[in-house]
Each structure stands twice: as C-alpha cells, then as structure tokens.
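See structure below.
Model, not experiment: these values are computed from the prediction.
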Amino acid sequence: MSNTPHLGPVPQRIAVDAEQVHRLIADQFPQWADLPVQPVADGGWDNWTFHLGSRRLVRLPSASEYALAVDKEHRWLPALAPRLPLPIPAPLAKGKPGAGYPYSWSIYQWLDGEPVSADRIADPVRFAVDLAEFLAVLQSIDTTGGPRPGQHNWFRGGTLRTYDGEAQRALTALDGHVDTDLAREIWKSALNARWDGVDSWFHGDIASGNLLLNDGRLAAVIDFGTCGVGDPACDLAIAWTLLTADGRQAFRERLSVGEATWARGRGWALWKTLVTCANTLGDADESAASALRVLAEIFSEYTAGAVTKPKP
C-alpha cells in the first residue's frame with residue numbers, strides 16, 4: 001500500500017460578501033466597526049479578501065480545507081517576521097465563526113505594493129537575487145515545532161508523488177498538443193530526484209500574486225497559507241514561471257541549489273504548468289498563452305542542462 005498522501009476532494013468554496021464581513025467586524029471587533037469594507041481586486045482563491053479601511057485587510061477562508069491554515073498563520077507569522085529581510089503579513093486579530101460564516105478568519109495589517117509581473121520588475125537579476133536572499137533566510141530559521149506538510153497546505157514540502165495523478169491526467173489531455181514525451185521525462189526525473197530529508201521552512205506558494213513590488217523592487221512577500229517545514233524545493237518553481245534565464249541562474253547560485261533539489265523544483269513548476277495548460281486547452285486568452293510560454297521555458301532549460309540532470 002502506498003504511503004503517498006492523497007489530496008482529497010476539491011474544496012467546496014462558499015461565498016462571502018462585504019455586508020457579511022461588516023457584521024462580523026461589528027460583532028467581534030467593534031473598535032473597527034466604523035471602517036469601510038471593500039473587496040480586494042484579485043483577492044485570491046483560498047481566501048476572500050477585503051479592505052478594512054485603508055490600513056487593514058480581512059481574510060476569510062473560502063472552504064474548510066483553507067481554514068486549516070488560520071491557526072498556523074497566527075502562531076508562526078509573528079515568529080518568522082522579525083527574522084526575515086522583507087515584510088510579511090502581520091496578523092492583528094483572529095475572528096471566529098459568526099454572521100452565517102462558519103470558519104475562523106483573520107484581520108491583517110495592509111502591506112503596500114503592487115503584485116509582481118515581468119514588465120514591472122526594474123532589474124530582473126536584482127529581483128531574483130533579492131527573492132533568493134529572502135528564501136535563504138527563511139530556510140535558515142529553526143524548524144523546531146514547525147508545521148509539517150499536510151492538508152493545511154496541500155502537502156507542499158512533501159513528495160511530488162502526491163501530485164502525480166494530476167500531472168498524469170494533464171499529460172493525457174495534452175497529448176498531441178505539446179511534447180508530452182519530454183514532459184514525462186522531466187516529470188520522471190523530478191519524481192526520482194531524492195531529498196536529503198533535512199527540514200527547512202518554506203513559503204509553499206512563491207508566485208507572482210504573492211510577491212509585491214515597490215518602484216520595481218521586491219518589497220514584501222504575502223500569503224503564507226501553504227507555509228511549513230519540509231522540502232523547500234516547492235519554492236523554486238518561480239525560477240521557471242517568472243524569472244528570466246539570467247535571473248534564474250542568479251537565483252540558483254544564491255541559494256546554492258544542487259541538481260536533485262533543482263530537479264524537484266522544476267517538477268513543481270511543471271506540475272502546475274501542465275495542469276494550467278490542460279485546463280485552458282483551446283482557450284485564446286493570456287492565461288493559456290502564459291502557461292504555454294512557461295512550459296516552453298521548462299523544456300528549454302531542461303534540454304540545455306540535460307548533460308547534468310539527475311539520473312533515474
């Protein structure tokens with residue numbers, strides 16, 4: 001019998017509106033009841049996010065599975081923040097179920113900045129090094145008592161084999177549309193790349209929407225719902241999904257990433273990209289085009305480094 005964890009069913013998300021959030025605030029935190037509540041544009045998937053005045057935000061998990069991260073964030077973010085070189089979210093208060101909303105929820109301090117996109121980055125190599133520096137410091141923090149991979153973070157920091165079923169279904173759907181033979185080779189190399197078992201802190205979802213810029217420089221890292229301690233390779237996926245080729249090299253050098261860890265990081269990027277490509281197959285929008293560009297980047301980087309890739 002396999003010991004590989006299973007992701008479980010797709011979360012059943014619930015809707016939350018501003019009026020409901022206002023009632024929660026008024027009932028549980030009356031000191032902020034006079035502040036306006038407005039939805040945050042592109043506020044994420046795991047949580048419904050609302051502005052509370054100009055300097056705070058409210059995050060409400062959209063499903064029971066996502067609510068598992070609330071206690072973790074309140075326990076660990078205040079401990080991690082003083083040790084990190086960039087701002088991260090600071091929890092101000094933890095709410096409880098009420099006003100028809102069934103889960104724990106949070107109020108955070110608002111962090112200024114705009115979400116990262118390639119065209120907004122002033123210096124791609126400097127950005128890559130700054131991000132690597134943040135991750136290097138995060139990985140150096142004592143992991144004692146830290147949250148191991150589990151349902152609270154969809155097993156980020158654990159084995160890539162948890163995602164093999166999703167990857168194989170995506171590969172089947174994409175057969176005849178992309179080079180699935182090469183994709184399968186890359187995926188197999190990632191699955192077979194061994195982890196040394198030394199736990200490190202990881203963020204779990206280093207992606208464009210969770211990185212903030214100020215004047216083109218990396219200014220903050222947000223949304224630690226998938227954080228934990230385990231294999232930090234999951235935080236390397238950004239090397240293919242956002243960084244330039246030069247930035248990727250600088251990123252890898254600053255983190256001193258070996259071949260096996262790099263292969264697993266590539267696997268995390270490939271899994272997500274394959275699923276996105278399969279889900280947008282036939283679409284003509286930017287999301288589909290972006291996923292295909294990332295897939296081409298993964299193929300190109302892997303092929304160029306084939307002489308040094310880990311052997312099965």
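Under a 4.5 Å side-chain heavy-atom cut-off, the cluster of Ile, Leu, Val, Met, Phe, Trp and Tyr residues that includes L212 is completed by L111, I222.
Taking both residues in full, the closest heavy atoms of L7 and Q151 are given as O-NE2, 3.1 Å, listed atom of the first, atom of the second, then distance. Of all the heavy atoms in L77 and P91, the pair that sits closest is CB-CD, 4.1 Å. The heavy-atom pair separating A190 from A263 by the smallest distance is CB-O, 3.4 Å. In plain terms, the two heavy atoms of C234 and D231 that are nearest each other are SG-O, 3.9 Å.
A 4.5 Å side-chain heavy-atom check between V178 and C277 finds every atom pair outside the cut-off. The closest side-chain heavy-atom distance from W154 to P11 is below 4.5 Å. Using a 4.5 Å heavy-atom cutoff, the side chains of L211 and V221 are in contact. Between Y302 and L270 there is no side-chain heavy-atom pair separated by less than 4.5 Å. Residues V58 and V37 form no side-chain contact, since every pair of their non-hydrogen atoms from C-beta on lies 4.5 Å or further apart. For the pair H74/S106, a side-chain contact is recorded, criterion being any heavy-atom separation below 4.5 Å from C-beta on. Residues L60 and F50 form a side-chain contact, since some pair of their non-hydrogen atoms from C-beta on lies under 4.5 Å apart. At least one side-chain heavy atom of E133 sits under 4.5 Å from a side-chain heavy atom of R254.
Screening residues 84-100 for salt bridge (Lys or Arg N to Asp or Glu O under 4.0 Å), with sequence neighbours left out, gives D71-K94. Legend: ring pair (Phe, Tyr, Trp, His ring centres under 6.0 Å) pairs involving residues 188-222, not counting sequence neighbours, sorted by first then second residue: W76-W201, H203-F224. Within the structure, salt bridge (Lys or Arg N to Asp or Glu O under 4.0 Å) pairs that include any residue of residues 162-179 do not occur (at least two apart or interchain). Applying the ring pair (Phe, Tyr, Trp, His ring centres under 6.0 Å) test to residues at least two apart or on different chains, the pairs with a partner in residues 106-130 are H51-W110.
For D34, the CG atom counts as loosely surrounded, since its 6.0 Å shell holds 12 or fewer non-hydrogen atoms of other residues, nucleotides or ligands. In the displayed structure, E114 atom CD is contacted under 6.0 Å by more than 12 heavy atoms of other residues, nucleotides or ligands. Remark: D196 CG is packed, more than 12 non-hydrogen atoms of other residues, nucleotides or ligands lying under 6.0 Å away. Around atom CD of Q31, more than 12 heavy atoms belonging to other residues, nucleotides or ligands sit under 6.0 Å away. The environment of CG in D112 is crowded: more than 12 heavy-atom neighbours from other residues, nucleotides or ligands sit within 6.0 Å.
Judged by distance alone, the side chain of N210 and the main-chain N or O of A207 form no donor-acceptor pair under 3.5 Å. Using modelled atom types, no side-chain atom of T261 and backbone atom of G258 make a donor-acceptor pair closer than 3.5 Å. Panel note: side chain Y103, backbone S64; a donor-acceptor pair is recorded below 3.5 Å. No donor-acceptor distance shorter than 3.5 angstrom exists from the side chain of T303 to the backbone of S300, with no hydrogens or angles considered. Judged by distance alone, the side chain of T226 and the main-chain N or O of N153 form no donor-acceptor pair under 3.5 Å. Panel note: side chain K72, backbone C227; a donor-acceptor pair is recorded below 3.5 Å. A donor-acceptor pair under 3.5 Å is formed between the side chain of R13 and the backbone N or O of W45. The backbone N or O of V257 sits less than 3.5 Å from a side-chain atom of R252, completing a donor-acceptor pair. At distances below 3.5 Å, at least one donor-acceptor pair connects side-chain atoms of R120 with backbone N or O atoms of P115. Using modelled atom types, no side-chain atom of T143 and backbone atom of G146 make a donor-acceptor pair closer than 3.5 Å.
I88 and I141 fall within a single hydrophobic cluster, where Ile, Leu, Val, Met, Phe, Trp and Tyr are joined by side-chain heavy atoms under 4.5 Å apart, directly or via other members. Both W240 and F299 belong to a single network of hydrophobic side chains, linked directly or stepwise wherever heavy atoms of I, L, V, M, F, W or Y lie under 4.5 Å apart. By the criterion of side-chain heavy atoms lying less than 4.5 angstrom apart, applied directly or through intervening Ile, Leu, Val, Met, Phe, Trp or Tyr residues, F251 is not grouped with V129; the two fall into different hydrophobic clusters. F29 and L57 fall into different hydrophobic clusters, defined by Ile, Leu, Val, Met, Phe, Trp and Tyr side-chain heavy atoms under 4.5 Å apart, directly or through other members. Tracing side-chain contacts under 4.5 Å through hydrophobic residues (I, L, V, M, F, W, Y), one reaches L191 starting from I298; they form part of the same cluster.
Qualifying salt bridge (Lys or Arg N to Asp or Glu O under 4.0 Å) partners for D46, counting only residues two or more places apart in sequence or in other chains: none. Partners of D142 according to the side-chain hydrogen bond (donor to acceptor under 3.5 Å, both in side chains) rule, which considers only residues two or more places apart in sequence or in another chain, are T144. Contacts of D119 classified as side-chain hydrogen bond (donor to acceptor under 3.5 Å, both in side chains), with partners at least two apart in sequence or in another chain: S117. Every residue two or more places apart in sequence or in another chain was checked for a salt bridge (Lys or Arg N to Asp or Glu O under 4.0 Å) with R161, and none qualifies. For R148, the salt bridge (Lys or Arg N to Asp or Glu O under 4.0 Å) partners two or more places apart in sequence, or in a different chain, are D199. The salt bridge (Lys or Arg N to Asp or Glu O under 4.0 Å) check on D205 picks up nothing, with sequence neighbours excluded. Residues satisfying the side-chain hydrogen bond (donor to acceptor under 3.5 Å, both in side chains) criterion with R83, sequence neighbours excluded, are absent altogether.
Taking OG1 of T244 as the reference point, atom CD of Q249 lies at 10.5 Å (rounded to 0.5 Å). Within the model, atoms CD1 of I186 and NZ of K188 stand 13.5 Å from one another, a figure rounded to the nearest 0.5 Å. The line from OG1 of T162 to NE2 of H6 is 8.5 Å long, rounded to the nearest 0.5 Å.
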Given I25 and I107, is the side chain to side chain contact (heavy atoms under 4.5 Å, CB included) satisfied, shown in steps? CA-CA 9 Å; I25 299 294; I107 299 176; 3.7 Å; yes
Show your working on salt bridge (Lys or Arg N to Asp or Glu O under 4.0 Å) between E286 and R293 and close with a plain yes or no. CA-CA 10 Å; E286 176 55 29; R293 285 196 297 270; 2.4 Å; yes
Start with the C-alpha gap between T276 and V294, add the side-chain angles, then the distance that decides, and say whether side chain to side chain contact (heavy atoms under 4.5 Å, CB included) holds. CA-CA 10 Å; T276 302; V294 172; over 6 Å; no
Side chain to side chain contact (heavy atoms under 4.5 Å, CB included) between Y101 and I14, intermediate numbers included: CA-CA 9 Å; Y101 178 76; I14 62 172; 3.9 Å; yes
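Side chains of E301 and W262: a donor-acceptor N/O pair is present below 3.5 angstrom, by distance only.
The aromatic ring centres of W105 and Y66 sit 6.0 Å or more apart.
For the pair R266 and W187, the cation does not sit on the ring face, since its NZ or CZ is not both under 6.0 Å from the ring centre and inside 45° of the axis.
A salt bridge does not link R264 with E259: every distance from a Lys NZ or Arg NE/NH1/NH2 to an Asp or Glu carboxylate oxygen is 4.0 Å or more. Looking at R23 and E19, a side-chain N of the basic residue comes within less than 4.0 Å of a carboxylate O on the acidic one, giving a salt bridge. A salt bridge does not link R217 with D123: every distance from a Lys NZ or Arg NE/NH1/NH2 to an Asp or Glu carboxylate oxygen is 4.0 Å or more.
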